Asker: 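I have a structure I would like to understand better, so I am pasting it below and will then ask my questions one at a time.
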Amino acid sequence: MPDPLLGLPLLVVAGWVVRVPLLSPREGHEAITRAAWDGLALTDGQRAALIRGVRAPDVSLSGLVVFALPSRQPRHALRAHASTTTEDGVDAMRAFVVARHHRALEMADDRRRLEQIGEILHCIQDSYSPAHADRDGARIVRMKHWGPFDRRRDGDEHGFPTDVRDHAVVDGALTAAARDAATTCNRYLGLALHQVQGAGQPGDVADAALTAFLDSWALSPAA
């Protein structure tokens, strides 16, 4: 039976899947995010903002317009170019998370802040998809690339346009990789919410906590 995702526009399908009414009943990022907020005191409105944010890179108009640009690949835990090394890919992904984290903390509007945090969750989650990266614990041994010509070269890259390894839910349950993603997202959410609530925290203390999280989540092969 053909995969229902094959009928989606190409720019929607590189990453854990998202639910698109009338096109795809599957959930991926949404299911991982719901698992990630387990045990955290969030209102329904805050949860809805996180879901909007985690979906935005794949289904929002702005996300679709720029999805295929090389500069946008790090936010999907993918190498920007076929020639980009895994080390540079991991550095770019970490830089995206740091910049988006600081942007979120600077926002006064809680809804917009949580949507930004949701976009960070999207990146963290993609980094656990076997279609995006090969992992050894926190170490990313190899980050994949997404593009139309990868099948013509040797090496394991993200399928184009879709990749069945991006299915986070199989037989009604999260895959092992998706559960790992949810666990890491739970830790990041706890950190981010703590820093939002403790706005007076010294900058060096907050930065050290973020760096410790990054090192527990995504190390390059040479680190």
Side-chain angles (χ1 to χ4, degrees), residues 5 8 10-20 24 26-36 50-60 63-64 66-80 84 86 88-101 115-135 137-147 150 156-170 174-189 213-214 216-220:
L5 291 181
L8 289 176
L10 301 187
L11 302 184
V12 185
V13 292
W16 292 119
V17 299
V18 294
R19 182 174 180 272
V20 181
S24 171
R26 293 180 182 269
E27 285 193 342
H29 283 290
E30 303 96 333
I32 297 172
T33 302
R34 285 196 297 272
L50 286 174
I51 293 295
R52 286 194 300 271
V54 82
R55 287 169 52 84
D58 285 348
V59 300
S60 69
L64 293 178
V66 299
F67 185 98
L69 296 178
S71 63
R72 294 301 178 115
Q73 300 313 298
R75 69 182 55 204
H76 296 281
L78 291 165
R79 301 187 338 265
T84 302
T86 290
D88 287 345
V90 172
D91 287 346
M93 178 179 68
R94 286 172 57 121
F96 163 74
V97 168
V98 170
R100 192 53 56 100
H101 178 82
E115 288 173 352
Q116 295 291 302
I117 290 173
E119 293 195 27
I120 295 172
L121 296 182
H122 184 108
C123 178
I124 294 171
Q125 292 169 16
D126 272 354
S127 76
Y128 283 89
S129 169
H132 290 243
D134 295 328
R135 280 183 165 272
R139 195 174 307 281
I140 295 181
V141 179
R142 187 169 184 278
M143 181 177 282
K144 314 297 178 70
H145 176 256
W146 179 80
D150 287 331
D156 179 23
E157 304 290 6
H158 190 292
F160 185 88
T162 62
D163 195 309
V164 295
R165 295 171 296 178
D166 273 330
H167 291 168
V169 179
V170 176
L174 291 177
T175 64
R179 291 196 301 272
D180 288 343
T183 297
T184 301
C185 284
N186 178 272
R187 290 194 292 108
Y188 172 71
L189 271 176
F213 167 77
L214 294 172
S216 73
W217 158 54
L219 292 171
S220 69

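As the structure is a prediction and not an experimental result, all values here were calculated from the model.
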Asker: CH2/Trp217 to CG/Asp180 distance, rounded to the nearest 0.5 angstrom?
Answerer: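 The CH2 atom of Trp217 sits 14.5 Å away from the CG atom of Asp180.
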
Asker: Return the minimal non-hydrogen interatomic distance between Arg179 and Leu174, and the atom names on each side.
Answerer: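 Minimum heavy-atom contact is NH1-O, 2.8 Å.
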
Asker: Can a donor-acceptor pair be found, under 3.5 Å and without considering hydrogens, that links the side chain of Ser127 to the backbone of Ile124?
Answerer: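 Pair found, side chain donor or acceptor close to backbone of Ile124.
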
Asker: Quick one, Glu30 and Arg55 - any side-chain contact, counting heavy atoms below 4.5 Å?
Answerer: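 They are in side-chain contact.
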
Asker: Are side-chain heavy atoms of His167 and Thr175 found at a separation under 4.5 Å?
Answerer: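 When only atoms from C-beta onward are counted, Thr175 and His167 do not touch, as no gap falls below 4.5 Å.
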
Asker: Out of Ile117, Leu214, Ile120, which residue meets the side chain to side chain contact (heavy atoms under 4.5 Å, CB included) rule with His101?
Answerer: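 Only match with His101 under side chain to side chain contact (heavy atoms under 4.5 Å, CB included): Ile120.
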
Asker: Can you tell if the side chain of Val54 reaches within under 4.5 Å of the side chain of Ile32, non-hydrogen atoms only?
Answerer: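 When only atoms from C-beta onward are counted, Ile32 and Val54 do not touch, as no gap falls below 4.5 Å.
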
Asker: Run the side-chain contact (heavy atoms from CB on, under 4.5 Å) check on His29 and Asp126 step by step: do they pass?
Answerer: CA-CA 9 Å; His29 283 290; Asp126 272 354; 3.2 Å; yes

Asker: Can you confirm whether Asp58 sits close enough to His76 that some side-chain heavy atom of one is under 4.5 Å from a side-chain heavy atom of the other?
Answerer: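 Side-chain contact under 4.5 Å: yes.
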
Asker: So, for Pro74 and Cys123, which heavy atoms are closest and what is the spacing to 0.1 Å?
Answerer: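 Smallest heavy-atom distance, with atoms named: O-SG, 3.6 Å.
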
Asker: Would you please classify the geometry between the His158 ring and the Trp146 ring as parallel, tilted or perpendicular, with 30° and 60° separating the classes?
Answerer: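 Geometry flag for His158 against Trp146: perpendicular rings.
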
Asker: What's the separation between atom CG in Leu121 and atom CD in Glu115, rounded to the nearest 0.5 Å?
Answerer: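 Here the interatomic distance stands at 12.5 Å.
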
Asker: Looking only at heavy atoms, what is the nearest atom pair of Gly89 and Thr84, with distance?
Answerer: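 Between these two residues, the closest heavy atoms are N-CG2, 4.0 Å.
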
Asker: What's the shortest heavy-atom distance between Arg165 and Pro130, and which atoms?
Answerer: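 Reported closest heavy-atom pair: NH1-O, 3.5 Å.
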
Asker: Do Lys144 and Asp134 make a side-chain contact, defined as non-hydrogen atoms from C-beta onward lying under 4.5 Å apart?
Answerer: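 In contact.
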
Asker: As an exercise, state the distance from NE2 of His122 to SG of Cys185, rounded to the nearest 0.5 Å.
Answerer: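 It comes to 10.5 Å.
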
Asker: Could you tell me the separation between the OG1 atom of Thr33 and the CD1 atom of Ile51, rounded to the nearest 0.5 Å?
Answerer: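 Answer for the OG1-CD1 pair, Thr33 versus Ile51, is 4.5 Å.
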
Asker: Kindly give the heavy-atom pair with the smallest separation between Leu189 and Ala36, and that separation in Å.
Answerer: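 Looking at all heavy atoms of both residues, the closest pair is CD1-O, 4.1 Å.
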
Asker: Of Met93, His132, Gln73, which meets side chain to side chain contact (heavy atoms under 4.5 Å, CB included) against Met143?
Answerer: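 Only one of Met93, His132, Gln73 forms a side chain to side chain contact (heavy atoms under 4.5 Å, CB included) with Met143, namely Met93.
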
Asker: Tell me whether Arg139 contacts the main-chain N or O of Ser220 through its side chain, where contact means a donor paired with an acceptor under 3.5 Å.
Answerer: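 Yes: the side chain of Arg139 pairs with the backbone of Ser220.
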
Asker: Can any side-chain N or O of Thr184 pair as donor or acceptor with the backbone N or O of Ala181 at less than 3.5 Å?
Answerer: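 Here the side-chain-to-backbone pair does not exist.
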
Asker: Just grab all the salt bridge (charged side-chain N to carboxylate O under 4.0 Å, His left out) pairs involving residues 88-100, residues at least two apart or on different chains.
Answerer: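 Non-adjacent pairs meeting salt bridge (charged side-chain N to carboxylate O under 4.0 Å, His left out): Arg94-Asp215, Arg100-Glu119.
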
Asker: Hey, are Glu157 and Arg142 close enough for a salt bridge, meaning a charged N less than 4.0 Å from a carboxylate O?
Answerer: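 The answer is yes: the pair qualifies as a salt bridge.
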
Asker: What's the shortest heavy-atom distance between Ala138 and Ser216, and which atoms?
Answerer: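 Looks like CB-O, 3.3 Å.
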
